[in-house]
Amino acid sequence: MANVVVIGAQWGDEGKGKITDLLSRSADVVVRYQGGVNAGHTIVVDGKVLKLHLIPSGILYPDTMCLIGSGTVVDPKVLLGELEMLASNGIDASGLKVASTAHVTMPYHRLLDKAIEEQRGSGRIGTTGRGIGPTYSDKAERNGIRVIDLLDEAHLRERLEGPIKTKNLLLERIHGLEPLNAEAVIAEYAGYGRLLAPHVVDCIRSIHGAAKARKNILFEGAQGTLLDLDHGTYPYVTSSNPVAGGACIGAGVGPTLIDRVIGVAKAYTTRVGEGPFPTELEGSLSDHLCDRGGEYGTTTGRRRRCGWFDGVIGRYAVEVNGLDCLAITKLDVLDELDEIEVCVAYELDGERIMHFPSSAADFARCRPVYETLPGWQTSTADCRRLDELPATAMAYLRFLAELMEVPIAIVSLGASRDQTIVVEDPIHGPKRALLSA
């Protein structure tokens with residue numbers, strides 16, 4: 001039995017959905033512990049492309065319980081849409097459970113998110129406009145609406161009357177927008193409550209009941225380490241804690257319950273939204289990575305910024321998450337390149353540094369120090385074992401393992417489930433991985 005946290009080791013979009021789907025085969029429970037519909041996972045099953053924003057990808061396995069934890073913020077309209085999408089694809093979603101204490105994204109959150117981002121002008125952060133930040137703000141101000149509030153219309157009315165008045169003043173007087181109709185909002189969200197009621201559970205009891213029964217629990221983070229509210233590239237971050245420690249808070253478990261932490265990283269680096277990106281490429285190389293990697297956001301459709309693998313942020317991700325193994329994704333995207341650059345350090349004001357700077361101004365001035373590795377210029381898409389990979393591809397993976405100072409357990413070579421080399425099963429295998437420096 002093992003309880004495993006899966007996190008993104010870069011700026012998100014690392015391919016966590018596929019890795020979570022892969023590991024869910026061995027999991028009894030999959031818990032999404034933070035974020036909201038600003039996140040997105042794309043899963044390819046039998047040629048079907050399934051896009052999920054809130055529901056853990058473990059829902060594709062009928063015997064797996066999927067829990068949206070208390071640290072997640074839930075947009076019920078989107079969640080119900082995902083349930084309908086799964087049903088239309090013949091997927092039984094009865095195993096989905098939603099924490100009664102998860103906070104709810106309301107219509108005023110989405111309106112304020114877009115208005116505030118527009119007001120920032122050239123200083124915009126690059127939010128998805130889905131209302132995530134304002135939902136977490138209300139949670140911190142103790143003024144939020146929780147899933148359990150949706151289950152009783154009279155209680156919901158009592159909880160919403162004050163917030164809607166306050167938000168309408170903001171919408172009208174500060175942002176020049178039309179106010180919301182309180183009765184319409186109450187009726188709409190009470191309706192969502194009735195539809196979601198069969199899925200609502202006590203998060204703590206569900207998780208700890210599974211733990212006492214010695215079930216395998218997989219904790220799934222959204223976004224990535226460098227978007228963490230406390231440990232990322234602030235202010236260009238998300239509004240929650242994607243790092244492994246966030247699993248404890250968002251799911252309601254102590255750190256002693258977690259056995260392993262696996263980080264997911266692309267064989268190169270991407271970023272969506274604004275903010276410094278030392279290894280960012282422009283021109284034909286960026287276009288090549290974007291086109292071959294299909295680098296467009298699951299949630300927004302925005303083109304991702306592409307660059308070479310950054311070992312500095314990689315080592316940082318190992319430290320702040322306590323990673324003990326890695327999944328490297330999209331290795332096949334590099335198949336046609338004759339040379340591949342890897343950032344091994346930064347140059348800051350003439351000094352070579354090996355660490356991620358805490359100052360945003362310093363990080364913006366960092367210039368990458370590269371080492372050049374030979375490419376393999378042959379397809380890896382059909383490789384299913386390490387010994388089938390080209391020697392230079394193996395050398396590249398070993399270089400990343402040495403640079404990150406953590407072994408590699410999984411290598412992904414495409415979007416489909418079968419396009420994967422599992423060096424070691426992180427749930428059932430020993431606490432080590434075989435591909436290391």
Side-chain angles (χ1 to χ4, degrees), residues 11-13 34-40 51 53-54 72-79 81 103-145 160 162-182 184-186 188-189 192 222-224 226-230 232-242 270-277 280 282 286 290 295-306 360-361 363-364:
W11 274 287
D13 308 306
Q34 50 76 224
V37 297
N38 54 345
K51 296 188 176 185
H53 301 276
L54 280 168
T72 311
V73 294
V74 177
D75 187 324
K77 184 176 182 179
V78 174
L79 179 56
H103 279 248
V104 177
T105 297
M106 302 298 295
Y108 46 76
H109 292 136
R110 292 190 294 271
L111 292 169
L112 288 169
D113 196 1
K114 292 175 182 176
I116 292 167
E117 180 74 346
E118 185 176 336
Q119 204 171 48
R120 289 188 178 109
S122 61
R124 66 187 183 277
I125 291 171
T127 77
T128 60
R130 301 301 179 94
I132 310 304
T135 309
Y136 277 112
S137 293
D138 275 2
K139 177 180 179 178
E141 290 180 356
R142 284 87 69 193
N143 199 32
I145 302 299
L160 271 177
I164 288 183
K165 286 179 182 177
T166 302
K167 303 303 181 185
N168 276 343
L169 286 173
L170 284 172
L171 292 170
E172 289 184 276
R173 299 185 183 182
I174 304 299
H175 301 292
L177 298 173
E178 290 293 317
L180 291 165
N181 182 306
V185 172
I186 292 166
E188 179 184 358
Y189 279 74
Y192 294 149
Q223 290 98 21
L226 276 296
L227 292 180
D228 188 271
L229 180 61
D230 292 296
T233 50
Y234 193 89
Y236 303 101
V237 293
T238 192
S239 304
S240 58
N241 295 108
T270 61
R271 179 169 196 174
V272 172
E274 307 300 321
F277 183 1
E280 184 172 12
E282 296 180 352
S286 176
C290 184
E295 298 297 354
Y296 297 90
T298 303
T299 297
T300 63
R302 286 183 293 182
R303 174 175 167 142
R304 296 174 185 140
R305 300 155 66 190
C306 297
F363 187 56

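For the pair M106 and L160, the minimum side-chain heavy-atom distance is below 4.5 Å. With contacts defined as side-chain heavy-atom distances shorter than 4.5 Å, the pair L171/P179 does not qualify. For the pair R303/S286, a side-chain contact is recorded, criterion being any heavy-atom separation below 4.5 Å from C-beta on.
Distance alone, capped at 3.5 Å, places no donor-acceptor pair between the R110 side chain and the R130 backbone. Of the possible donor and acceptor atoms, none in the side chain of T105 sits under 3.5 Å from a partner among the backbone N and O of I132. In this structure, the side chain of R305 engages the main chain of G273 through a donor-acceptor pair within 3.5 Å. With hydrogens and angles ignored, the 3.5 Å screen pairs a side-chain donor or acceptor of R271 with a backbone N or O of P276. Between the side chain of Y108 and the main chain of G131, no donor-acceptor pair closer than 3.5 Å is present.
The ring pair (Phe, Tyr, Trp, His ring centres under 6.0 Å) check on F277 picks up W11, with sequence neighbours excluded.
Sorted by first and then second residue, the side chain to side chain donor-acceptor pair (under 3.5 Å) pairs with a member in residues 163-176 read D138-K167; sequence neighbours excluded.
Contact record, T72 with Q34: OG1-N, 3.4 Å, taken as the closest heavy-atom pair.
We find the CD-CG distance between Q119 and L112 to be 10.0 Å, quoted to the nearest 0.5 Å.
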